Protein chains: 2
Amino acid sequence: MKLNTKSRYAVMALADMSKFPINNPVSLRDISLRQSISLFYLEQIFLKLKQNDIVKSVRGTNGGYVLKRDPKNIKLSEIFQALDQKVKTVGCKKDSKKGCNGKSAKCITHELWDELEIYINNFFENKKLSDLSLTRGNN
Amino acid sequence: MKLNTKSRYAVMALADMSKFPINNPVSLRDISLRQSISLFYLEQIFLKLKQNDIVKSVRGTNGGYVLKRDPKNIKLSEIFQALDQKVKTVGCKKDSKKGCNGKSAKCITHELWDELEIYINNFFENKKLSDLSLTRGNN
DNA sequence: TATATACCCGACTAAAATAGTCAAGTATTC
DNA sequence: GAATACTTGACTATTTTAGTCGGGTATATA
Ligand code: FES
Ligand code: FES
């Protein structure tokens with residue numbers, strides 16, 4: 001089980017932004033430099049964040065991105081969803097009548113993996129961007 | 001975040017075995033047929049399970065594999081470890097002085113991912129093979 | 001003791017996912 | 001009008017995953 005860079009970078013970047021006064025546009029270039037994340041990659045990530053109403057953009061000089069909501073109201077689960085990053089532990093299509101082995105109903109372990117999936121999603125559901133302890137000036 | 005087939009199949013196969021009387025060797029061929037998992041793939045998986053003292057093998061006709069311990073004493077975390085399957089959510093080398101961004105100490109989000117890693121490992125640590133509800137005759 | 005069964009184990013490969021790059025554009029401010 | 005910075009789709013190298021294969025060895029049973 002591995003967390004991909006896209007999700008990690010997204011949270012890193014948003015955490016970076018949340019250190020600055022709200023309504024103060026932060027440019028991807030700056031985030032890129034501070035967090036050592038490829039600018040091109042950030043662009044890709046922020047496109048999704050914007051489409052999902054987590055940030056809004058300000059174009060032009062001194063532009064950048066701004067958090068659309070207070071970090072207290074941004075759940076990690078939303079960030080993941082924005083990037084199409086799902087927690088997938090079952091081997092089957094959940095709604096299918098068939099199990100992961102193509103047979104009968106669900107396999108012996110389906111219930112277990114389902115429980116795990118819920119367990120993990122629960123973590124993301126209960127964490128907010130504001131829960132990251134951000135001491136200004138750290139990284 | 002996705003769980004790979006190796007881990008899933010390993011648990012499936014062991015769950016399958018645990019339905020039979022202990023000391024009764026179960027052949028991979030049978031598991032393969034019942035659970036629709038490639039025999040070759042199972043061989044690969046059981047090699048590891050054996051090396052890690054989770055099962056033992058009985059060679060020859062009527063041979064197969066036998067659980068080395070009571071399912072009550074086999075934690076899922078052991079099964080995962082046996083297959084070299086680690087939960088990895090941080091982007092850095094945990095013991096390194098450098099963060100995932102190559103800079104200074106740990107990055108802004110390190111603590112969060114670390115917490116997640118512990119959280120997930122906790123699930124595997126507390127689940128035993130015997131916790132799978134195995135109604136004999138199901139799959 | 002021949003034969004079939006079943007484990008043993010390393011090497012190999014196709015396909016999918018990931019991580020990142022690039023190019024050609026548009027809007028805004030100074 | 002020049003510089004900055006977002007916009008968007010397409011493209012690619014690398015890595016990981018999932019699975020295959022071949023040529024073994026050990027053992028029970030007939
Ligand atoms: S995981 Fe859902 S049927 Fe096997
Ligand atoms: S995740 Fe450990 S330093 Fe970034």
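Please read all numbers here as calculations on a predicted model, not as lab measurements. Residue numbers start from 1 in every chain, and the chains themselves are labelled A, B, ... in the order their sequence lines are given, proteins ahead of strands.
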Reckon A:Thr5 has a side-chain N or O less than 4.0 Å from the OP1 or OP2 of C:dT18? no

Can you check the A:Leu42 CG to C:dC22 C1' distance for me, whole Å? 15 Å

Taken to the nearest whole Å, CD/A:Gln35 to C1'/C:dA19 is 18 Å

Selection: residues 51-59 of chain B, any non-hydrogen atom under 4.0 Å of DNA chain C: B:Ser57, B:Val58, B:Arg59

B:Lys127 meets the side-chain contact (heavy atoms from CB on, under 4.5 Å) criterion, sequence neighbours left out, with A:Leu112, A:Glu115, B:Leu76, B:Phe123, B:Asp131

Between A:Lys6 and A:Asp84, is there a side-chain N and carboxylate O pair less than 4.0 Å apart? no

Other than A:Val58, what residues sit in its cluster of Ile, Leu, Val, Met, Phe, Trp and Tyr side chains whose heavy atoms are under 4.5 Å apart, directly or through others? A:Val66

Of A:Leu3 and A:Thr61, whose nearest nucleotide on DNA chain C comes first from the 5' end? A:Leu3

Pairs satisfying ring-ring contact (aromatic ring centres under 6.0 Å, His included), at least one member in residues 70-98 of chain B, at least two apart: B:Phe80-B:Phe124

For a quick check under 3.5 Å, do A:Tyr41 and A:Thr5 share a side-chain donor-acceptor pair by atom type? yes

Separation of A:Phe40 atom CZ from C:dA23 atom P, in whole Å? 8 Å

Residues which pass ring pair (Phe, Tyr, Trp, His ring centres under 6.0 Å) with B:Phe40, listed by chain and number, not counting sequence neighbours: none

Within residues 84-104 of chain A or reaching into it, pairs that qualify as ring-ring contact (aromatic ring centres under 6.0 Å, His included) - sequence neighbours excluded: none

By nearest nucleotide on DNA chain C, pick out whichever of B:Gln44 and A:Lys6 is the more 5' one. B:Gln44

Look at B:Tyr65 and C:dC8 and indicate whether a side-chain polar atom (N or O) is within less than 4.0 Å of OP1 or OP2. yes

Counting only heavy atoms not in A:Lys94, do more than 12 fall under 6.0 Å of its NZ? yes

Whole Å only: how far is the CG atom of B:Asn4 from the C1' atom of C:dA16? 14 Å

According to ring-ring contact (aromatic ring centres under 6.0 Å, His included), does anything in residues 46-72 of chain B pair up with another residue at least two apart or in another chain? List the pairs. B:Phe46-B:Tyr65

Applying ring-ring contact (aromatic ring centres under 6.0 Å, His included) as the test, list every pair that has at least one member in residues 90-111 of chain B; sequence neighbours left out. none

Length of the line joining B:Met17:CE and C:dA6:P, which is rounded to integer Å: 14 Å

Where each residue is assigned the nucleotide of DNA chain D containing its nearest heavy atom, which of B:Glu43 and A:Leu47 is assigned the position nearer the 5′ end? A:Leu47

What residues in residues 87-94 of chain B put a non-hydrogen atom under 4.0 Å from any atom of DNA chain C? none

In chain order, what residues pass the side-chain contact (heavy atoms from CB on, under 4.5 Å) check against A:Asn122, with sequence neighbours excluded? A:Asn126, B:Tyr119

Rounded off to whole Å, could you give me the CG-to-P distance for the B:Leu39 and C:dC8 pair? 13 Å

Contacts of type side-chain contact (heavy atoms from CB on, under 4.5 Å), residue B:Lys72, not counting sequence neighbours: B:Asp70, B:Ser130

With heavy atoms of chain A within less than 4.0 Å as the criterion, where does contact along DNA chain D begin and end? D:dA3 to D:dA10

Interatomic distance, B:Tyr41 OH vs C:dC8 C1' [rounded to whole Å]: 18 Å

Grab the NZ-C1' distance between A:Lys2 and C:dA19 for me, whole Å please. 10 Å

Check this one for me: any side-chain N or O of B:Ser27 less than 4.0 Å away from OP1 or OP2 of C:dT5? no

